[in-house]
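Let me begin by presenting the structure, written as C-alpha cells, before commenting on it.
Values below: all heavy atoms of this structure, side chains included; hydrogens, waters and symmetry mates excluded. Keep in mind that this is a model prediction, so the values were computed, not measured. Residues: numbered from 1 along the sequence shown.
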Amino acid sequence: MNIPPRHPSRPSPSGPEQHEPAPSAAASEPRRAAPTAVVAVKKIFAAETGNYFLLLGTTLFITIFGLVMVLSSSSVTALKTSDDAFSEFTGQGLYVLIGIPLMLVVSRLPAFFWKKWAWRAVVFTLIMQCLVFTGLGYGYGGNRNWLDLGAFTVQPSELVKLALCVWLGFILSTKRELLRDWRHVALPIAPVAILAIGLVLLGNDLGTAVIMLGIVFGSLFFAGVRLRFLALPLAGIVAFGLLFAQLSSSRRARIDAWLSGCGIDDYLNECWQIQHGTWALASGGLFGVGLGNSKTKWSWLPHAETDFIFSIIGEELGMVGAVVVLLLFVVMAVAFVRIMRQTRDPFARIVTGGVLMWVIGQAFVNIAVVLGVLPVLGVPLPLVSSGGSALIATLLAIGVVLSFARTQPDKNGGTDPMTPAERSRLAAAQRNTAARNRPAR
C-alpha cells in the first residue's frame, strides 16, 4: 500500500512522531511590548565598557558634589543680592538637569556624526563669539565674553572649546599621513585657531585663551605631530602672552604681585582675593570647619562660588576634602587615558586628548591659582564652579568622549560601533534565526 508522504510543515497526527513540538501556553500568548520610555532609558544605560562607567561615574559624582558646594558657597551672596539664599543653587541645579541628559544623549551618537558636523560646529561657534562685540554682548569684570539673550545668558567661548576639540580631531585624523610636513600641520589649523583664540582675547579673557591654547597643542601632541614643529610656535605664543599681559594695568598688577609677593599696599587691591583664598584654605585645617560653616564666604572672598570655590572646599571640608577633589580629577584623567588607549580610531584618540587637556588642564590651573602657584586667570573649576555655559559645555564634551568609550577595538584595528549588549543581542537573534531555519529531519 502506498502511503502518501507527509507535508514537512504539517504536524504528524501521532504525538511522538511530531517534527515540530506544539507551542506551549506561555509561548502562544502575545508578548507584551515594553513601554517606550522604559526601552529608551534601558538603551541609554545599557551595559558598556568599564572605561565608560569609570568616566560617567566620576563625572556624575563631581557634578553633584559641585552642586552641593555651589549651595554652600553662594548662599550668603545670593541672599544679599536677591533675598533668596537658594537662587544661585536653583539656577545651577537647572543647568545640571539640562546638562546630564544632554551628555547621555550625546554619548549615543556615533563617531561619523562628529566628523560630519565638525566644520559646521566650528563656524557656528565662531559666529556666536563674534556676536559678543555687537549689541547682544555684554561684559563683566573687564571681560566682554557673554551674550545676553533675554531669558538667559551664554558664554560662546565655552562652546568654541568643544567645537575646537572635535574639529581638530577631524582635521588631524584626516591628514595623519601628511603630518610630517609642517605646512600640512599649519593649514588650516593655524588660521582657525588664531581666529578663535584672537576673538577671545579681544574680549579680554586671558584665562579662556590659555585653556584654548592647551586644547590646540594637546591635540597636536596626541596626533603625533613632531615636537620641533610645536617648539617655535610655543615660544612665540609665550612672548606674545607676556606682551599681552602688559597691555592691561590690572593684569600687570596681578602678575607683579604674584612674582614679588603681596605687600601691605597690595592687600586692598590685587591681593585681596588671593589672600583671603589662602586664609580660607589655612583655616580649614585637616577636616575643615564643617559643610556650610565657612566664614570667608561672608563677603570676604569675591567669586567664592566660581573661580575660588576650591578655597571654600578647603575651608569647610579641610585638607581631606581638597585632596579628595584632586583625586577625583586624577581618576577622571586616568579614565580619559584609558579610553585613548582602548580606541584605535585616530579621530577618537585626538578628540579625547583635546578634552583631557581642556577639563583636567583647566581644573589644575584653577587649583594652582587658588594655591598661589599661578597668577589669577579667572577660570572656573570644571563641573564644580557655578556657571551654566561652562557646565553644559563640559558635560557635552565628556559626552563626546563617552560615545568613543562605548566602542571596542576590533581585530582589524578599527573600532567596533556595537556595544557589548548590542553584540550579545545580535548573537541571540542570529541563533534564533538559525534554529527556525534548521530543516526538519
Side-chain angles (χ1 to χ4, degrees), residues 62-102 132 135-158 205 207 250 267-269 271-281 283-284 288-318 321 325 366 369-370 376 378-395:
I62 296 176
T63 303
I64 301 303
F65 173 78
L67 191 59
V68 173
M69 294 311 304
V70 166
L71 173 61
S72 177
S73 60
S74 66
S75 56
V76 175
T77 305
L79 183 63
K80 179 180 178 181
T81 56
S82 63
D83 294 330
D84 182 7
F86 296 91
S87 60
E88 190 76 22
F89 168 77
T90 303
Q92 189 72 3
L94 178 61
Y95 293 130
V96 169
L97 292 178
I98 295 173
I100 291 179
L102 281 177
V132 302
L136 294 175
Y138 79 97
Y140 175 79
N143 295 344
R144 188 177 181 86
N145 205 20
W146 286 268
L147 289 177
D148 187 357
L149 302 180
F152 58 93
T153 60
V154 178
Q155 190 174 2
S157 58
E158 296 295 329
D205 191 350
S250 61
Y267 171 71
L268 294 177
N269 298 309
C271 291
W272 178 275
Q273 188 178 34
I274 187 64
Q275 197 68 52
H276 283 86
T278 303
W279 290 342
L281 288 171
S283 63
V289 297
L291 187 63
N293 294 328
S294 168
K295 297 180 178 62
T296 312
K297 67 184 179 183
W298 288 81
S299 301
W300 290 103
L301 181 61
H303 306 292
E305 74 279 5
T306 54
D307 299 346
F308 274 74
I309 196 170
F310 189 75
S311 294
I312 305 300
I313 294 173
E315 181 182 8
E316 295 188 348
L317 304 180
V325 173
N366 174 275
V369 167
V370 173
V376 178
V379 295
L381 186 59
L383 303 175
V384 179
S385 296
S386 176
S389 298
L391 176 65
I392 292 179
T394 305
L395 288 174

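In this model, no donor atom of one side chain and acceptor atom of the other lie less than 3.5 Å apart for Glu158 and Ser389. Under the 3.5 Å distance criterion, with hydrogens and angles disregarded, no donor-acceptor pair is assigned to the side chains of Glu305 and Thr77.
Using bins of under 30°, 30° to 60° and over 60° for the plane-to-plane angle, the ring pair His276/Trp300 lands in the parallel bin.
Side-chain contact check for Tyr138 versus Thr153: some heavy-atom pair is nearer than 4.5 Å. Side-chain contact between Phe65 and Leu317: present, with at least one pair of heavy atoms (C-beta onward) separated by less than 4.5 Å. Val370 has its side chain out of reach of Leu381: every pair of non-hydrogen atoms, C-beta onward, lies at least 4.5 Å apart.
Ile392 and Gly99 make their closest contact through CG1-CA, 4.3 Å (heavy atoms, listed as atom of the first residue, atom of the second, distance). Across every non-hydrogen atom of Asn145 and Val132, the tightest pair is C-CG1, 4.1 Å.
When atom types are taken as modelled, the side chain of Glu316 and the backbone of Gly288 share no donor-acceptor pair closer than 3.5 angstrom. Put simply, the side chain of Asn366 gets close to the backbone of Asp307: a donor and an acceptor are under 3.5 Å apart. Side-chain atoms of Glu315 never come within 3.5 Å of backbone atoms of Ser283 as a donor-acceptor pair (strictly under, hydrogens ignored). Judged purely by atom type and a 3.5 angstrom limit, Gln273 has no side-chain atom pairing as donor or acceptor with the backbone of Leu301.
Taking a 6.0 Å sphere around CZ of Phe86, one finds it holds 12 or fewer heavy atoms contributed by other residues, nucleotides or ligands. For CH2 of Trp279, the number of neighbouring non-hydrogen atoms (other residues, nucleotides, ligands) closer than 6.0 Å is greater than 12.
Atom CG of Asn293 is separated from atom OG of Ser72 by 8.0 Å, given to the nearest 0.5 angstrom. The line from CG of Leu383 to OG1 of Thr63 is 4.5 Å long, rounded to the nearest 0.5 Å.
Listed by chain and number, the residues in a side chain to side chain donor-acceptor pair (under 3.5 Å) with Thr394 amount to none (sequence neighbours excluded). Under the side chain to side chain contact (heavy atoms under 4.5 Å, CB included) criterion, Ser87 pairs with Ala78, Ser82, Asp84, not counting sequence neighbours.
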